[in-house]
Amino acid sequence: MLQSKPQPNSLLQKLKTSYVVWAALALLALDGGCRVLDQIGLWPLSPYEAAHRSTVWWAATDYKKTETAPDIALMGSSLMMAAVHGGDATYENKSQKVALHHESKLLEHLLKNSQGKDFSTFSFALSGEMASDAYVLANAMLSGEKQPKVIIYGVAPRDLMDNALKSPASTEIFRLMSRIKDPTDVAVSARNSFWSVAEYGLEKLSFLYGHRNDFLYIQHKATRALLAQLGYRDIEDEVHTTYEIRRQAFLELPEDSGPNEVVVHPPAASGTVYTDNLPEYRYRYSSFKEKQFKEQVSYLERLLELGRDRGIKVILVNMPLTEDNVALMPPGLYSRYMETLNTMCTKYSAQMLDLNEPRDFPKEYFEDSVHLNSKGGARFFEVLAEKIAKDSQVASTINAIK
Amino acid sequence: MLFNSLQYALFLPLVVLLYWLSPQKFRVPILLAASYLFYMSWRPVFIFLIVGLTVANYFLGLAIDRSKDNKKAWLIGATVLNLATLAYFKYAYFLDDVARTIFKPLFEVPHIPFDIVLPLAISFFVFEFIHYTVDVYRGSAPVKSFPAFALFASFFPTQIAGPIKRFQDFVPQFENPPKFSMEHIDKGVPLILLGLFKKVLIADNLTFFVQGGFANPQHFSGLDLWVFAYAFAFQIYFDFSGYTDIARGSAALFGYKVPINFNLPYLASNISEFWHRWHISLSTWLRDYLFIPLGGSKCSRLLTSRNLLLTMTLGGLWHGAAMHFLVWGVYHGLALVIHREFQRVKKSVSWLAGAIDSIPGRVVSTLLTFHVVLIGWVLFRAETMTSATIILKKMFTLETVQAGAQSLAMFLPTVNYPLIYPSVFLLLPILAVSHLVMGWLDTTDLVKRSPRLAKAAWCLVLALMIMEFSPDKSPRFIYFQF
């Protein structure tokens, strides 16, 4: 008796006939295969090979190229960054490209004069760097052979509060650093919504999704090569975008930057134009978020703890601000902030220097209510060097470097 | 909840699973609940609007059907209710502005003293309600089951931006419910992937480029602005047709069919054909519920032209309460009137008809039609009428910006915007060619006829591209604002 061929009626049989299922299985196999390649060290790309270049990418890449660890790592937001670049622009009487300049020649010079030794510096002071960013930066970059002896971290109340910040994990610094060394201790707490945690989970679960930046890099490289074949000149390290698109880009993608993008000029070239940005800070301080402040303070604490555990001395520098700006803060905030810094320094054996003295930094040293101009940058490091020399504990910390 | 979000990536499979695992009688209620949940994910309060209008139109439909003497009155009541709701949410500010301008010499018309938030999808479900009540008035049987009617209006795959469905096609699918088959998955998933590919890979990557140009047209040369206009033409096509593919694919996972909305519109060889290929569900709606009731083309040349102009002008305003949308509508209306008159000339001049219908003639016509549409897109995309004027003037005079400006060096920054930087000049010709390739694939039916392995590979490639090259920030679908 002839038997008919069995039809695919069980679920398993039905699944076998579905090409979507085949595709899903192939995707899983591919993902697993790439993960294995990575585990055995055959994945061909590193996190430093990035399709776009943010200020933190320029700094991290530059740091990777250095042969030895610097004696002093400078950290902080654009307040410190403006001081570093403005200070060197004044000292060297030369314009400084923010994307490429990552040291403080002026501080090295001043410390040599005051301490009689050669010190090397590296600046990780980056615009928008919150305390959470400083922590992940230190966690990923300042370890092992590349560990500095001292971190000088310039901080101000505004570095612990930012209305535009969705979550600590949403910044470009956090994202790049997570690719270099995933901060597993804060991976979940740094994401403030279920969906961003789910996204993180997906990145961990799927190798291909987690490494999509690598594929972007490959695509960019291939496109550049193709464009080169078509006669376009190499655009590797230059900014070719017309100003208006660039401006739009900054609104949409503030992290992207190139070597000619932000340049700090010496005082003679830059003039002394003061921009009143108090309305921005009136808004920023008025919608003060207690939860965010506490969260950022906890990251600052983690940074100090990391310094203690790794044997890196941390010197917190309270950054100069204009009196107008301090006056805008909610009542009690500034004293609470200072108290917090002092308490933490004691707890973690860190040191603190308060440079927010209006006598030392009158308004002429500022380009707006918070950022120092080039002259102010030079002044900042002069005052810093003086304070280091005067403070016996800090002076011994610096002296102990060499 | 956007189609291109992680939320949707979890929501959709969950609903699909729940739908197929449930007994048949619960499936429509499950989809209805899921659709309302989907709608509430944006602003929960607007659930009252969609439910309220659904209840009202359901009973109005029954009233129109049952009434013997007052059918027309019920229809007028239903139409007024639907249009007044749309007018309040969508056109109140615009009408207020217009009234203020008109009556300025006589008296001061006050500003609307409160905020009106435009509910998502209102233009789409209001048009579906109008279609329903009008068709019931014209003799179609009303939908008896309330859940089926409510699901027709709120079905989440088509809820936010269509296609605008016809209840005669859609509701019977609930009455003959599909049985589970892997074919639904095999049909739905590739469509969703293709839609996501169009949306996140092409449209989203073009968004940023287009935005830069249209926001500051005064700073770009005429040549730059042509490139922006081309980019927008592809952005809007891939954005909206991508959305429609995801909608159709999502519906297919439940075994339902929703109509197509696009048929390679940029291959149209005249403007009338374009409107048969672009946003088909809207253009057929405008035809059936506006153009034909106005008299359609079964009247004098002058009146037909008036009907075309009026239909397209209102179609323009449907997209948004702004002068540039209105002008865009008038522009298309005029283009259709000119095309109609040209057709008359063509019919009477045999050599002209021969030349236009030849292959070179069709190529030229297609290119010409595309550029007519392109000029329309400038009106559509520009932020204001003033901005549109600046762009068009520069495009047609090929005005340059100051000497030495890198007007063609529009390489964009690169935060996870993979295709645009630095490849926009490569991308645009590729997109143009892709239209031709898709046309060829359609005519040869190659995808359908290809072996399973090839289909699986196609899905895999799409999934990989979406995973690897989607921008971090994905803008909303353009048609969500309408």
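Chain identifiers are assigned alphabetically (A, B, ...) following the order of the sequence lines, protein sequences preceding nucleic acid strands; residue numbering begins at 1 within each chain.
Side chain of A:R212 to backbone of B:F469: no donor-acceptor contact under 3.5 angstrom is found.
No more than 12 heavy atoms of other residues, nucleotides or ligands shown are found within 6.0 angstrom of CH2 on B:W458. Counting non-hydrogen atoms of neighbouring residues, nucleotides and ligands closer than 6.0 angstrom, the CG atom of B:L453 reaches no more than 12 such neighbours.
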Donor-acceptor pairs under 3.5 angstrom involving side-chain atoms of residues 35-42 of chain A: please list them, not counting sequence neighbours.
from  : atom 1 : to     : atom 2 : distance (Å)
A:R35 : NH2    : A:K204 : O      : 3.0
A:R35 : NH2    : A:L205 : O      : 2.8

Check residues 183-193 of chain B and write down every donor-acceptor pair under 3.5 Å in which the side-chain atom is one partner and the other belongs to a residue at least two apart or another chain.
from   : atom 1 : to     : atom 2 : distance (Å)
B:H184 : NE2    : B:K179 : O      : 2.8
B:D186 : OD1    : A:S18  : OG     : 2.6
B:D186 : OD1    : A:V20  : N      : 3.3
B:D186 : OD2    : A:Y19  : N      : 3.4

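When A:W195, A:F194, A:W22 are compared by the number of non-hydrogen pairs under 4.5 Å with chain B, A:W195 comes out ahead. Taking B:V461, B:L464, B:L462, B:L6 one by one and counting their heavy-atom pairs under 4.5 Å with chain A, the maximum is reached by B:L6.
Atom CE of B:M465 and atom CZ of A:F215 lie 11.5 Å apart (nearest 0.5 Å). Interatomic distance, CG of A:D31 versus CE of B:M467, reported as 5.5 Å (0.5 Å rounding). A distance of 8.0 Å separates CG of A:L216 from CD of B:E468, quoted to the nearest 0.5 Å.
Residue A:L25: no heavy atom, backbone or side chain, is found under 4.5 Å from chain B.
Counting all heavy atoms, side chain and backbone alike, A:A23 lies closest to B:A456 at CB-O, 3.4 Å.
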